[in-house]
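Structure record follows, encoded as structure tokens.
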Amino acid sequence: SAPANFLLAQFAGRLAMKTYHCLCSGPPLGALGTAGLTNAPMEEEMDGELDGAMRVARSSVEGAREASTTLKAKGCYRKATSEDADTALFDMFSLVAAQPITGRTHQIRVHLSNLGRHLVSDPLYGPFALSYHREWCPRLFLHCSRLTVRGLDRQQCTASAPLPADLARALGTLVTT
């Protein structure tokens with residue numbers, strides 16, 4: 001239908017604006033409220049168990065696709081039990097608002113992983129901490145919280161969604177730092 005094609009064209013033309021909230025391992029990448037842009041071309045992983053996953057491309061790899069994401073530091077947290085200096089860094093987490101400019105498969109997950117900030121409960125790009133994360137966060141902590149497109153009347157239309165209950169509970173197990 002024409003309305004569906006109009007909407008699809010906005011995604012293909014990078015006109016749809018999406019904001020995702022995600023919880024990552026490690027401290028924030030900057031002061032709370034600051035935003036930055038990561039430009040890291042991506043390519044498909046082609047080695048056995050990660051076949052089909054994506055990764056940041058090595059320099060000048062043929063077939064790498066442009067990928068850009070704006071990241072904004074929204075919060076800093078720790079596990080309530082993180083008093084031990086040896087585990088304190090492992091138990092630090094940052095809430096990030098991510099806005100993909102391009103729309104590559106797993107783009108946000110790959111970009112944050114490349115920056116050393118694996119998403120909580122990510123079985124593909126952060127498997128080393130999966131069992132630990134799954135104790136308090138049952139699934140990948142990635143949520144599309146806002147989507148803005150234009151309607152057929154050319155007026156902006158924005159849909160917002162709060163964190164789902166399971167992710168809100170997981171965040172509630174952490175202490176703000």
Side-chain angles (χ1 to χ4, degrees), residues 3-45 52-57 59 61 63-77 92-126 129 133 137 139-168 170-172 174 176-177:
N5 288 337
F6 182 70
L7 185 60
L8 289 172
Q10 291 179 65
F11 283 92
R14 299 181 187 168
L15 300 174
M17 294 179 289
K18 300 165 278 190
T19 301
Y20 292 82
H21 280 86
C22 46
L23 190 67
C24 311
S25 296
L29 294 166
L32 295 185
T34 60
L37 178 69
T38 180
N39 287 306
M42 293 171 50
E43 65 179 343
E44 191 169 350
E45 186 82 56
M54 302 299 288
R55 68 176 176 205
V56 169
S59 59
V61 170
R65 299 182 71 194
E66 169 194 10
S68 300
T69 306
T70 299
L71 303 170
K72 184 174 186 179
K74 300 294 283 184
C76 186
Y77 301 87
M92 288 186 72
F93 302 93
S94 52
L95 186 65
V96 172
Q99 293 181 306
I101 295 167
T102 52
R104 307 290 175 236
T105 301
H106 300 176
Q107 178 175 320
I108 294 168
R109 295 163 70 185
V110 170
H111 278 169
L112 284 165
S113 178
N114 187 58
L115 295 169
R117 301 297 187 273
H118 305 282
L119 270 60
V120 167
S121 293
D122 190 338
L124 191 57
Y125 300 102
H133 290 164
C137 185
R139 66 177 175 96
L140 177 68
F141 201 117
L142 178 65
H143 170 66
C144 185
S145 57
R146 186 177 175 103
L147 171 66
T148 300
V149 294
R150 295 216 178 262
L152 291 172
D153 60 1
R154 303 288 195 253
Q155 297 297 310
Q156 268 193 328
C157 178
T158 299
S160 297
L163 277 178
D166 59 343
L167 296 183
L171 193 59
L174 305 176
T176 304
T177 59

Study note, to complete from the structure: Heavy-atom closest pair (S160 atom, R146 atom, distance to 0.1 Å) is OG-NH1, 3.9 Å
Exercise for review: Return yes when atom CZ of R139 has more than 12 non-hydrogen atoms of other residues, nucleotides or ligands closer than 6.0 Å, and no otherwise.
Suggested key: yes
Review point. Taking all non-hydrogen atoms of both residues, which atom of H133 and which atom of S25 are closest, and how far apart?
Key: CE1-OG, 3.2 Å
Review point. So, S94 side chain and G26 main chain: donor-acceptor pair closer than 3.5 Å or not?
Key: yes
Practice item. Report the C-alpha distance between S145 and L163 in whole Å, list the side-chain angles of each, state the deciding distance to 0.1 Å, and finish with yes or no for side chain to side chain contact (heavy atoms under 4.5 Å, CB included). Key: CA-CA 7 Å; S145 57; L163 277 178; over 6 Å; no
Practice item. Please lay out, stage by stage, how R154 and F6 fare under the test side chain to side chain contact (heavy atoms under 4.5 Å, CB included). Key: CA-CA 10 Å; R154 303 288 195 253; F6 182 70; 2.9 Å; yes
Check your understanding: How many angstroms lie between CZ in R65 and OG1 in T105, if you round to the nearest 0.5 Å?
Key -> 8.0 Å
Exercise for review: Taking T102 for its side chain and S68 for its backbone only, find out whether a donor-acceptor pair lies under 3.5 Å.
Suggested key: yes
Check your understanding: What's the shortest heavy-atom distance between Q156 and T148, and which atoms?
Key -> NE2-CG2, 3.6 Å
Review point. Between R104 and V110, is any pair of side-chain heavy atoms under 4.5 Å apart?
Key: no
Exercise for review: Spell out, as yes or no, whether a donor-acceptor pair under 3.5 Å connects the side chain of H118 to the backbone of Y125.
Suggested key: yes
Practice item. Give a yes or no on whether the backbone of P164 and the side-chain of H143 come within a donor-acceptor separation of less than 3.5 Å. Key: no
Check your understanding: Shortest non-hydrogen contact from D122 to L124?
Key -> OD1-N, 3.0 Å
Exercise for review: Go through the steps to decide whether T69 and Q107 satisfy the test side chain to side chain contact (heavy atoms under 4.5 Å, CB included), and finish with yes or no.
Suggested key: CA-CA 8 Å; T69 306; Q107 178 175 320; 2.7 Å; yes
Point to revise | Sub-4.5 Å side-chain heavy-atom contact between C137 and L23 | key: no
Review point. Distance from T38 atom OG1 to N114 atom CG, nearest 0.5 Å?
Key: 6.5 Å
Point to revise | Donor-acceptor under 3.5 Å (H21 side chain, P162 main chain) | key: no
Practice item. Go through Y77 and L171 one step at a time and tell me if the side chain to side chain contact (heavy atoms under 4.5 Å, CB included) criterion holds. Key: CA-CA 9 Å; Y77 301 87; L171 193 59; 3.9 Å; yes
